[in-house]
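Below is one structure; the comments refer to it alone.
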Number of protein chains: 2
Amino acid sequence: MTSQPAFRRAEPDERRASLIEACARVLAREGAAGASVRAIAVEAGVSPGLIGHYFGGVDALIAATYAHVEARVADALDQAVSAAGDDPRARLDAYVSASLLPPIADSELLSTWIAFWSLVRARPEIAGLHDEQYGRFRAGLEALLSASGVPAENLRRIAIAVTALVDGLWLELCLSPRTFAEGEAAAIARSGLAALISTVR
Amino acid sequence: MTSQPAFRRAEPDERRASLIEACARVLAREGAAGASVRAIAVEAGVSPGLIGHYFGGVDALIAATYAHVEARVADALDQAVSAAGDDPRARLDAYVSASLLPPIADSELLSTWIAFWSLVRARPEIAGLHDEQYGRFRAGLEALLSASGVPAENLRRIAIAVTALVDGLWLELCLSPRTFAEGEAAAIARSGLAALISTVR
DNA sequence: CGAATTGTTGAACGATCGTATAACAAGCGC
DNA sequence: GCGCTTGTTATACGATCGTTCAACAATTCG
């Protein structure tokens with residue numbers, strides 16, 4: 001009977017990634033209050049001490065998890081836009097629709113965001129992270145709007161409005177999915193987008 | 001030397017109200033993570049046991065605090081609408097603008113909402129509370145929209161869109177106030193509202 | 001003024017939190 | 001195969017969490 005290894009040594013990056021994914025799962029399942037060092041360690045199948053070893057503290061792990069999830073969302077949106085072809089207006093619609101359909105409109109994703117928002121209010125250095133990510137999202141949207149013929153002087157205003165419309169719908173959709181019929185939120189967002197754009201074209 | 005009373009007995013309703021207000025202050029100052037039984041009790045100047053006595057648990061107190069703060073917000077909006085006079089369109093603008101100006105656009109208010117959203121995800125009976133309050137807000141907005149000439153068949157769609165626009169702007173404004181110039185969010189909301197309405201009039 | 005009422009206290013409980021650290025062992029180079 | 005490096009474990013620590021409850025005292029009522 002050969003004794004198998006009690007644990008496996010992993011590459012730092014690989015281990016970091018597995019901790020981030022475990023953290024995301026715990027956040028989704030139990031919410032911000034349940035995302036303790038121990039719960040995350042159990043989910044990742046490692047010892048609690050490893051989180052301190054790799055991230056220095058839970059807050060840093062949650063921030064890293066947010067950055068990771070946010071990157072996945074950005075990827076999914078990019079993919080949806082690419083799949084829409086070359087017509088600028090169709091790409092814009094695809095961006096808005098994808099934001100309000102699975103897998104992005106996922107009530108479990110909201111837990112990650114809520115946990116991060118809590119940190120934004122409590123820790124100034126994390127507020128900077130949020131500003132960066134929000135700015136990146138808006139810049140992407142401004143590019144799509146510009147390609148659709150929105151003049152430069154209205155770009156900021158329209159982009160902020162469309163972002164707010166989508167975010168507000170996304171939030172409510174995640175908080176109480178039963179309020180909306182299948183695809184209703186995405187449809188409302190598309191017609192809202194059309195209305196917001198029509199004023200400057 | 002007459003010894004003064006060590007504490008004052010209060011009417012149940014009065015004490016409940018003071019605990020709710022203390023909870024709101026703690027939420028605003030320290031966020032959801034800092035709203036512990038002890039911190040709230042210190043803020044209210046009472047013993048920790050009183051919270052259990054009146055509310056049964058911290059979660060119930062936070063839910064009551066949310067209901068209270070939400071009622072104050074609803075009052076402030078009603079007042080803004082009334083002050084706008086009789087013109088339906090002006091009332092609508094007042095509603096939207098007030099949502100995005102002090103004291104409603106207050107980054108400390110966001111802490112209360114975040115704490116409550118965390119509970120919505122974790123506790124089903126609180127999710128029902130949220131649905132009620134969201135429905136109440138939207139019903140009020142539908143009345144304003146209807147008075148402004150939005151036809152009944154578009155009421156739900158437009159109300160949801162306007163609510164989302166305002167909520168999304170409110171959220172971002174609270175999360176990073178420095179992103180917006182003074183009054184910019186309110187101005188964007190007003191022009192967005194005009195665009196959303198113009199499609200059905 | 002004395003007794004009943006009950007709002008309030010404050011300590012104690014067990015659980016769980018985040019972090020630090022000494023001991024251990026997996027994997028690599030020699 | 002052996003020793004070195006270092007990723008990993010497991011435990012311990014002090015702090016803080018939510019809740020409970022017997023004792024206390026402010027107030028009311030007879």
Side-chain angles (χ1 to χ4, degrees), chain A residues 1-23 26-27 29-65 115-116 118-119 122-123 125-126, chain B residues 1-23 26-27 29-65 115-116 118-119 122-123 125-126:
Chain A
M1 170 175 177
T2 62
S3 67
Q4 60 179 359
F7 59 89
R8 197 177 69 82
R9 299 177 77 124
E11 294 280 314
D13 285 348
E14 176 192 355
R15 182 67 75 189
R16 243 184 290 268
S18 103
L19 285 173
I20 285 174
E21 278 157 23
C23 179
V26 171
L27 279 174
R29 192 194 324 126
E30 319 198 27
S36 68
V37 170
R38 285 167 180 82
I40 297 169
V42 168
E43 177 72 27
V46 300
S47 158
L50 258 196
I51 289 172
H53 184 277
Y54 278 110
F55 292 91
V58 181
D59 290 0
L61 173 53
I62 291 181
T65 301
F116 190 73
S118 304
L119 286 181
R123 308 263 296 254
E125 80 271 18
I126 293 196
Chain B
M1 170 174 177
T2 61
S3 68
Q4 61 178 357
F7 59 89
R8 198 177 69 82
R9 299 176 77 126
E11 294 279 314
D13 285 349
E14 176 192 355
R15 182 66 78 189
R16 241 185 291 270
S18 104
L19 286 173
I20 285 174
E21 277 156 24
C23 180
V26 172
L27 278 174
R29 193 193 325 126
E30 320 198 27
S36 68
V37 170
R38 284 167 181 81
I40 297 168
V42 168
E43 178 73 26
V46 300
S47 159
L50 259 197
I51 290 173
H53 183 276
Y54 278 110
F55 292 92
V58 182
D59 290 0
L61 172 54
I62 291 181
T65 301
F116 190 73
S118 304
L119 287 182
R123 309 261 297 253
E125 79 272 18
I126 293 195

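A, B, ... follow the sequence lines: proteins, then strands. Residue 1 opens every chain. The basis for the numbers below is simple: all heavy atoms, side chains too, and nothing from hydrogens, waters or symmetry mates.
- Between A:G34 and B:P12, it is B:P12 whose nearest contact on DNA chain C lies nearer the 5' terminus.
- Taking atom CG of residue B:D59 and atom C1' of nucleotide D:dT19, one finds them 12 Å apart after rounding to whole Å.
- If you take CD of B:E14 and P of C:dT8, they are 9 Å apart, rounded to a whole angstrom.
- With C:dT6, D:dT19, C:dT19 as the choices, the nucleotide that has an atom nearest any side-chain atom of A:V37 turns out to be C:dT19.
- The side chain of B:H53 has C:dT8 as its nearest neighbour among C:dG27, C:dT8, C:dA26.
- Across all strands, A:Y54 comes closer than 4.0 Å only to sugar-phosphate atoms, never to a base (heavy-atom distances).
- Within the 4.0 angstrom heavy-atom criterion, base atoms lie near B:G49.
- Proximity of A:L19 to A:T65: side-chain heavy atoms (C-beta onward) are nowhere separated by under 4.5 Å.
- Comparing C:dG10, C:dC17, D:dG7 against the side chain of B:S47 picks out C:dG10 as the nearest.
- OP1 or OP2 of D:dT8 has at least one side-chain nitrogen or oxygen of A:R15 nearer than 4.0 Å.
- Looking only at side-chain heavy atoms (C-beta outward), A:E14 and A:S18 stay at 4.5 Å or farther from each other.
- Here A:S36 does not reach the OP1 or OP2 of C:dT16: none of its side-chain N or O atoms lies under 4.0 Å away.
- Taking atom CD1 on B:I40 and atom P on D:dT19, their separation rounds to 11 Å, with Å as the unit.
- Positionally, the nearest nucleotide of DNA chain D for B:A33 lies more toward the 5' end than for the other of B:R9 and B:A33.
- Going from atom CG of A:L50 over to atom P of C:dA25 covers 16 Å, rounded to whole Å.
- Whole-Å rounding puts the B:I51 CD1 to C:dG10 P distance at 14 Å.
- Rounded to whole Å, the distance from CG on B:L19 to P on C:dG7 is 13 Å.
- Rounded to an integer number of Å, the gap from A:F7 CZ to C:dA25 P is 8 Å.
- You'll find that the side chain of A:V46 is closest to D:dT9, out of D:dT8, D:dT9, D:dT27.
- Following rounding to the nearest Å, B:F55 (CZ) and D:dT19 (C1') show an atom-to-atom distance of 16 Å.
- Considering every non-hydrogen atom in both A:A115 and A:L27, the closest pair reads CB-CD2, 3.6 Å.
- Side chain of B:R38, nearest nucleotide from C:dA12, C:dT8, C:dA26: C:dA12.
- Using a 4.0 Å cut-off between a side-chain N of Lys or Arg and a carboxylate O of Asp or Glu, B:E11 and B:R16 do not qualify as a salt bridge.
- Residues A:V58 and A:S36 have side chains not in contact (no heavy-atom distance under 4.5 Å, counting atoms from C-beta outward).
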